[in-house]
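First comes the structure, then the notes that go with it.
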Amino acid sequence: MEVRDTGHYTEEYIPGFVEKWDSLIDWERRRQSEGSFFVDLLRKRGVKSILDVATGTGFHSVRLLDAGFETVSADGSAEMLAQAFDNGVRYGNHILRVVQADWRWLNRDVHGQYDAIVCLGNSFTHLFSERDRRRALAEFYAMLKHDGILVLDQRNYDAMLDRGFSTKHTYYYCGEDVAVEPEYLDDGLCRMRYTFPDDSVYHLNMFPLRKDYTRRLMTEVGFQHVETYGDFQHTYRDEQPDFFVHVAEKEYRMDTADLGAAYSPAVTTARSYYNSADADAFYASVWGGEDIHIGLYERPDEPIADASRRTVARMAARLGPAGEEAGTGLGESTVVLDLGSGFGGSARHLATEFGCRVLALNLSEVENARHRALNAERGLDDRIDVVDGSFEAVPFEDASVDVVWSQDAFLHSGNRLRVLQEAARVLRPGGQLIFTDPMAADGVPKTRLQPVLDRIHLDTMGSPGFYRRELAKLGFTPVGDDGGFAEYREQLVRHYARVLEETERQEAEGLGTKVSADYLTRMKKGLADWVRGGRAADLTWGILHFRR
């Protein structure tokens, strides 16, 4: 346990251990668990040439070669590379191009530039000093082409350090007869013990990297944007993954130079969730692909889409018609900024019914693609601008819009005060802010909210009192006899109960062919938590309406 040196792993991967490594991985089971995740990710980004810097016994190098990528295989362990070379012939009839290299001097031993570098198999944890980690990441960065990507994975050490060790034994170490567990764990060392069926025991010493620390190092070295997956899924809110996969982009984008500030951790989590295929299919099927927010119901069995559209109409009615003064209502001269526009149902309603110009800002590129397609189908491209971005860093000029509109989006921010400040900045004098948000009831202890907070992967929620207080400080005044807040807590309960009911109905009719079983299980649990929180009066919801 005293050995905490970067180069120690080369001594640990002794011949006997290397020979057993493939039984630990179980190539076929791991191939099934990963699916086509890495191949699809790399193809989507136009990758052709790849440097596999943590080849190990060759699992990913062989898979990448099978998929047609030009692949060079590097590793610091000569024993591992020898096994990888044999496996290349055995499993794919490939002659691997192998290079023994230390990441800290990678450019010395490996030549050329690549579209992608992959560092997989929890290998980056072999680096024990921050100086070595920074040096290695800088070497990776230098060997990438200008628009290249780094794909790096790591065990979920956050969960191990904070809650103790557990594993699904599904995604990485798939061998059924091999026991893998930490023999020792502290903030500077994770000593893993591997016990094989013949009672042989081997150890690896690794540094327990925390997820956000790894992401920060990547951005500090120069990577422009880092996206993180959990067990090959965009979303991992409700269930802690065994492993994280980071995808770091080198490309410098002039129009998103401030991405690091624009996408806070909370917003990045929401973006990843709404970009997932499961979320896209679920919201399109259950909510109908137009409005994905809480509805106002007139009867319990009303279609979700009808109730959701009633919320839009009720909010629009509060704003009133356009008047002579800028910002007094809705009309052809009105510019509306929709923060968190989703599939664009509200934007299309405002553009169609009132002739407004709508700036639709939304963090999910997947949702935005559907939004743009629906706008094109209905001939609304000239009235609605769909913009990829975060409501914590709104990409519009000061005093440039008449109305800021949002529906059930602010809860996804880790800095709601910043969102309100941005709304105040872009509104013209006299402009109106109108939004809905699932909220904590005023005065409710955080412990009562924990199931819902865990579901949305946040530490806090907003509350009516929070929004009233902070908006007053920003110079807003409430609109309406209700003091700027029309509360509809019972509609939150009805809506989530209705969505749960519809989910179960569609599941019986084959929803599982479009949405994964794991996602549906987590969704149904989350919906039930929302219903319980609303019935207990721990949660509330309604329309907040203020004037600048």
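Just so we're clear, the structure is a prediction, and the values are computed from it rather than from any experiment.
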Starting from the C-alpha separation in whole Å, work towards a yes-or-no answer on side-chain hydrogen bond (donor to acceptor under 3.5 Å, both in side chains) for Arg418 and Ser413.
CA-CA 9 Å; Arg418 177 63 179 168; Ser413 171; over 6 Å; no
side-chain hydrogen bond (donor to acceptor under 3.5 Å, both in side chains), that's the test. Do Thr214 and Gln154 meet it? Break it down for me.
CA-CA 9 Å; Thr214 305; Gln154 64 168 101; 2.9 Å; yes
Given side-chain hydrogen bond (donor to acceptor under 3.5 Å, both in side chains), test Glu502 with Gln506 step by step and report yes or no.
CA-CA 6 Å; Glu502 182 66 15; Gln506 291 196 28; 2.8 Å; yes
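Side-chain contact, Glu227 with His246: no donor N or O sits under 3.5 Å from an acceptor N or O. At a cut-off of 3.5 Å, with distance as the only test, a side-chain donor of Lys514 or Ser285 sits close to an acceptor on the other residue. His60 and Glu34 share a side-chain donor-acceptor pair at under 3.5 Å. Residues Asn87 and Arg90 bring a donor and an acceptor atom of their side chains to less than 3.5 Å of each other. Under the 3.5 Å distance criterion, with hydrogens and angles disregarded, a donor-acceptor pair is assigned to the side chains of Asp115 and Ser49. Between the side chains of Asn156 and Asp242, no donor-acceptor pair of N or O atoms lies under 3.5 Å. Asn362 and Glu367 form a side-chain donor-acceptor contact under 3.5 Å, judged by distance and modelled atom types alone.
Note on ring orientation: taking the six-membered ring where Trp is involved, the planes of Tyr213 and Phe207 are tilted (angle from 30° to 60°). The aromatic rings of Tyr283 and Tyr274 sit tilted relative to each other, their planes meeting at an angle between 30° and 60°. Taking the six-membered ring where the residue is Trp, Tyr496 and Trp530 present parallel rings, their angle staying beneath 30° rather than reaching 60°.
Remark: side-chain polar atoms of Ser77 are paired, donor with acceptor, to backbone N or O of Met80 under 3.5 angstrom.
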